[in-house]
Amino acid sequence: MQDTFKEKGLRKKLVETLREKGISDEKVLRAMETVPRHFFMDSSFISFAYKDQAFPISSGQTISQPYTVAFQTSLLEVKEGERILEIGTGSGYQAAVLMEMGAIVYSIERIKDLFLFAGNLLSSMGYHPYLFWDDGYEGKSSYAPFDKILLTAAAPFIPEALKMQLKPGGLLVAPFGEGNLQKMIRLIKIDEHNFTQEEHGNFTFVPFLPGKR
Ligand code: SAH
């Protein structure tokens with residue numbers, strides 16, 4: 001796939017839109033200006049890649065709206081070299097944005113086709129995350145603790161395993177709740193047993209599903 005002046009120009013415009021909508025973390029904006037979102041989309045939706053909208057990918061899943069990616073990534077306060085666990089690899093776009101910011105990414109996807117798609121695409125683009133085909137509810141204890149954890153599907157509850165795999169001082173960002181609307185929450189791990197919880201507005205996500213297939 002090509003990344004021409006046309007797509008680069010559309011990306012610049014998208015980033016301006018995100019700025020107008022209140023995204024102010026320059027590192028996030030720079031990463032999103034760099035990563036070609038159209039590479040991650042189903043061929044029938046490529047012409048919409050730089051609209052600020054979510055779109056269907058394969059297996060009935062979606063690539064998150066750019067504003068949502070920018071918002072969640074801003075809440076993570078990503079720093080170079082941090083180890084970040086993402087639950088819900090999907091297309092791999094969010095993982096690419098995190099890696100573009102210098103993070104080391106571990107990402108879990110329950111649907112095998114998406115796991116394979118994201119792995120092939122990301123490595124062809126020169127990104128090398130640790131990807132797992134597994135149930136993200138369990139996290140990845142063998143690689144824990146993580147500096148940050150990001151959930152990219154709606155969580156009816158925050159699994160204890162994930163809270164345990166976060167470093168003290170670390171942040172966990174997740175769309176929390178069932179139904180059509182989730183609250184974006186950020187947990188800050190104070191010490192082994194204590195968290196503070198912040199709320200950052202309402203969003204709509206596809207739900208987390210247990211197991212793998
Ligand atoms: N971050 C993605 C968007 C993800 S959509 C991107 O940038 O494109 C949410 C993803 O979570 C879907 O791909 C879905 O299959 C996955 N998912 C749902 N339940 C899961 C679970 N228990 N473990 C791992 N992944 C899960």
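Atoms within a ligand are numbered from 1 in the order they appear, just like the ligands themselves.
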Problem - Any N or O of V206 closer than 3.5 Å to N or O of ligand 1 - result: no
Completion exercise
With heavy atoms and a 4.0 Å threshold, my read on which part of K212 contacts ligand 1 is neither
Practice task
Specify side chain, backbone, both or neither for T152, according to which of its non-hydrogen atoms lie closer than 4.0 Å to ligand 1.
Solution key: both
Problem - Presence of salt bridge, E109 and K112, under 4.0 angstrom - result: no
Exercise for the section: Quick one: sort the F48 and F55 rings into parallel, tilted or perpendicular, breaks at 30° and 60°. Expected result: parallel
Practice task
Salt-bridge test for D147 and K79: reply yes if a basic N is under 4.0 Å from a carboxylate O, no otherwise.
Solution key: no
Exercise for the section: For this output row, return yes or no: ring centroids of F157 and F208 closer than 6.0 angstrom. Expected result: no
Exercise for the section: Considering the heavy atoms of Y137, write down every atom of ligand 1 situated less than 4.0 Å from one of them. Expected result: 22 (N)
Problem - Top protein contact for atom 11 (O) of ligand 1, by heavy-atom distance - result: G88 CA, 3.2 Å
Problem - Over all atoms of both residues, closest heavy-atom pair of V69 and Y93 - result: CG1-CE2, 4.0 Å
Completion exercise
Near I111 (heavy-atom distance under 4.0 Å), the atoms of ligand 1 are 15 (O)
Completion exercise
re atom 7 (O) of ligand 1, the protein heavy-atom contact at minimum distance is Q94 N, 3.0 Å
Practice task
Show which atoms of ligand 1 fall inside a sub-4.0 Å distance from at least one heavy-atom site of I108.
Solution key: 24 (C), 25 (N)
Handout entry: Distance filter under 4.0 Å to S91 heavy atoms, resulting ligand 1 atoms
Key = 6 (C), 7 (O), 8 (O)
Practice task
Look only at interatomic distance and state if L114 has a nitrogen or oxygen under 3.5 Å from any nitrogen or oxygen of ligand 1.
Solution key: no
